[in-house]
Amino acid sequence: MAKLQPVRGTHDLLPEEALRHRRVVDVAREFAERYGFAEMATPVFEFTEVFKRTLGDTSDVVTKEMYTFTDRGGESVTLRPEFTAGVVRSFISEGLSQQLPVRFFSYGPLFRYERPQKGRLRQFHQINVECIGIAEPQADVEVLALGHDILSALGIRKDTRLEINSLGDPESRAAYRARLVDYFSGHVGQLSDDSRARLERNPLRILDSKDEGDRKIVAGAPMLADSLNSTSAEFFAAVRRGLDALGVEYVVNQRLVRGLDYYSHTAFEFVTSALGSQGAVMSGGRYDGLVESMGGPSTPGIGWAGGVERLAMLMGDLAAPRRIVALVPIGAAGEAKALVLAHELRGLGVRVDLAASGNISKRMKRADKIGARAAVLLGDDELKKGVGVVRDLASGAQREIALADLARALAAETA
RNA sequence: GCGAGUGUAGCUCAGCUGGUCUAGAGCACCGGAUUGUGGAUCCGGGUGUCGCGGGUUCGAAUCCCGUCACUCGCCCCA
């Protein structure tokens with residue numbers, strides 16, 4: 001710590017950015033509630049096992065990106081790198097399988113030891129929804145529609161594209177995986193080093209490799225759609241019909257796969273080209289085998305997570321609300337009156353700015369700078385007449401209002 | 001984890017073939033013109049360990065090495 005600086009990959013959220021950040025979360029929470037998703041929160045850290053078991057040993061998230069440490073009691077704990085594992089753990093430990101289905105909304109910080117880039121931080125935030133207990137494609141459609149509505153309400157749906165794919169049920173996925181390994185094994189010599197490693201660990205990932213050589217080979221690879229059994233194919237078709245019926249636009253991307261092992265059937269991403277290589281702003285999928293693999297009763301689930309920082313970056317500047325009232329006292333009597341009036345106004349819900357010092361000119365300047373809507377001058381003249389001079393800072397118009405009515409009048413005007 | 005670029009004032013940047021650089025500009029900021037009135041104008045003010053450490057040199061913001069941070073690509077993903 002040579003200089004006083006934030007830890008690599010972490011950021012201070014100063015007011016302007018915090019406002020954008022909060023807007024994303026508020027809108028998401030509001031729409032989640034409309035869809036029946038109740039807000040809940042799980043701890044920021046869990047036993048390391050929770051993430052190890054669920055994310056799969058092959059994912060980078062588990063193998064090299066977790067903040068894991070031993071606490072003073074000798075337990076290995078990990079700062080959560082994603083939401084689903086914790087929510088499902090909670091679902092099991094709290095015995096929630098008695099009240100299916102459950103729909104949860106969550107928001108909070110996540111931690112991943114990655115190389116920082118724009119839109120990729122070591123501490124970042126996500127909004128997250130999980131729908132547990134519905135095996136029908138209707139859940140997929142609703143979860144996707146919710147994401148779509150949130151992006152629309154934030155005014156950024158037009159900057160994104162929804163890509164969907166189906167990984168099929170476990171049987172289809174296993175069959176496809178076998179065909180894929182078979183195919184790529186015949187071209188090992190032409191694959192990039194990265195993809196050769198993926199062939200062992202996660203062959204599906206070769207499909208979205210950006211290496212040019214890989215892409216040529218991938219072009220001839222068997223298609224996932226051709227490996228779907230009839231159940232899986234019909235499931236995917238039902239999801240698409242549902243999206244069509246709601247007017248949610250999407251494109252099917254057969255190369256779309258997910259990094260985490262627990263996904264099946266529907267996989268999707270809302271992507272943007274506005275953020276460089278960090279294109280995914282919201283993504284998720286169905287995880288029908290997860291709850292059981294964590295030791296709970298066999299229960300289907302689907303959900304998504306959205307990157308708050310990435311979503312916030314897509315939004316333009318937010319107009320600051322001009323609802324503040326600045327009190328401008330002149331002289332000792334005015335100061336005393338202003339303090340009381342400020343308290344009264346705040347009690348009525350009005351945002352009040354009361355500068356600690358400065359002459360009238362300075363205080364007016366400050367009122368203007370913070371975007372106050374009105375300034376109230378309180379000097380000896382006013383107090384003698386029992387009024388306050390209210391100046392509308394946008395128009396410059398001034399009028400006198402009796403002190404007794406001041407609080408109520410300002411409260412009404414700035415509501 | 002790999003490859004590359006950048007790092008000078010609060011912000012955006014100029015300076016970088018080493019020597020008027022005791023380091024500049026615009027914006028922002030502070031004070032004043034204006035001790036009862038903000039936005040405009042004018043006057044004045046530089047607010048800086050030139051990311052940090054070391055090296056080369058008579059002399060380094062400028063060249064070299066290391067390091068830290070950010071950015072871009074890969075990887076990964078939100």
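Source: prediction; values computed, not measured. Protein chains get the first letters and strands the later ones, always in sequence-line order, with residue 1 at the start of each. Values below: all heavy atoms of this structure, side chains included; hydrogens, waters and symmetry mates excluded.
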**Prompt:** Say you pick atom P in B:G5 and the same atom in B:G10; how far apart are they, in whole Å?
**Reply:** 28 Å
**Item:** Side chain of A:Lys369 (C-beta onward), nearest among B:C29, B:G39, B:C74
**Value:** B:C29
**Item:** Pairwise C1' distance, B:G19 and B:G51 [rounded to whole Å]
**Value:** 25 Å
**Prompt:** Is any side-chain nitrogen or oxygen of A:Gln117 closer than 4.0 Å to OP1 or OP2 of B:C70?
**Reply:** no
**Fill in**
Once base and sugar-phosphate atoms are separated, protein heavy atoms under 4.0 Å mark nucleotides 2-8 of chain B, 5' to 3', with B, S and - as BBB----
**Complete:** Regarding the side chain of A:Lys118, the nearest nucleotide among B:A69, B:U37, B:U71 is B:U71
**Prompt:** Of the nucleotides B:C77, B:G36, B:C75, which one has an atom closest to the side chain of A:Arg112?
**Reply:** B:C77
**Message:** Could you tell me how far B:U67 sits from B:C27 if I compare only their P atoms? Round to whole Å.
**Reply:** 41 Å
**Item:** Inter-nucleotide C1' distance (B:A14, B:U56), Å rounded
**Value:** 27 Å
Can you list, pair by pair, the side-chain donor-acceptor contacts under 3.5 Å of residues 330-347 of chain A, counting residues two or more places apart and other chains?
| unit_1 | atom_1 | unit_2 | atom_2 | d |
| --- | --- | --- | --- | --- |
| A:Glu335 | OE2 | A:Arg363 | NH2 | 3.0 |
| A:Arg346 | NH2 | A:Val352 | O | 3.1 |

**Request:** With sequence neighbours left out, write down each residue that passes side-chain contact (heavy atoms from CB on, under 4.5 Å) with A:His148, or none if nothing qualifies.
**Result:** A:Ser152, A:Arg157, A:Val248, A:Phe270
Pairs under 3.5 angstrom only: tabulate donor-acceptor contacts from the side chains of residues 394-406 of chain A to other protein residues two or more places apart or in another chain.
| unit_1 | atom_1 | unit_2 | atom_2 | d |
| --- | --- | --- | --- | --- |
| A:Ser395 | OG | A:Ala397 | N | 3.2 |
| A:Gln398 | OE1 | A:Arg391 | NH1 | 2.6 |
| A:Arg399 | NH2 | A:Glu413 | OE1 | 3.3 |
| A:Arg399 | NH2 | A:Glu413 | OE2 | 2.5 |
| A:Glu400 | OE1 | A:Lys385 | NZ | 3.0 |
| A:Glu400 | OE2 | A:Lys385 | NZ | 2.8 |

**Request:** Go through residues 122-132 of chain A and report each residue with a non-hydrogen atom lying under 4.0 Å from RNA chain B, sorted by number.
**Result:** A:Phe124, A:Gln126
**Asked** A:Pro300 pairs by side-chain contact (heavy atoms from CB on, under 4.5 Å) with which of A:Glu136, A:Arg286, A:Glu292?
**Response** A:Arg286
**Prompt:** Which residue pairs satisfy the side chain to side chain donor-acceptor pair (under 3.5 Å) criterion with at least one member in residues 265-275 of chain A, sequence neighbours excluded?
**Reply:** A:Asp140-A:Thr266, A:Arg258-A:Glu269
**Request:** Determine the Euclidean distance between corresponding P atoms of B:G39 and B:G7; express it in Å to zero decimal places.
**Result:** 37 Å
**Request:** Could you please name the option among B:U37, B:C70, B:C76 that lies closest to any side-chain atom of A:Arg391?
**Result:** B:U37
**Message:** Categorize A:Asn359 for me: base, sugar-phosphate, or nothing, with a 4.0 angstrom heavy-atom threshold over every strand shown.
**Reply:** nothing
**Message:** Can you identify which nucleotide, out of B:A78, B:G38, B:C74, has its nearest atom closest to the A:Arg310 side chain?
**Reply:** B:A78
**Message:** Between B:A25 and B:G38, how many Å separate the two C1' atoms, rounded to a whole number?
**Reply:** 28 Å
**Asked** Has the side chain of A:Gln398 got a donor or acceptor atom sitting under 3.5 Å from an opposite partner on the base of B:G36?
**Response** no
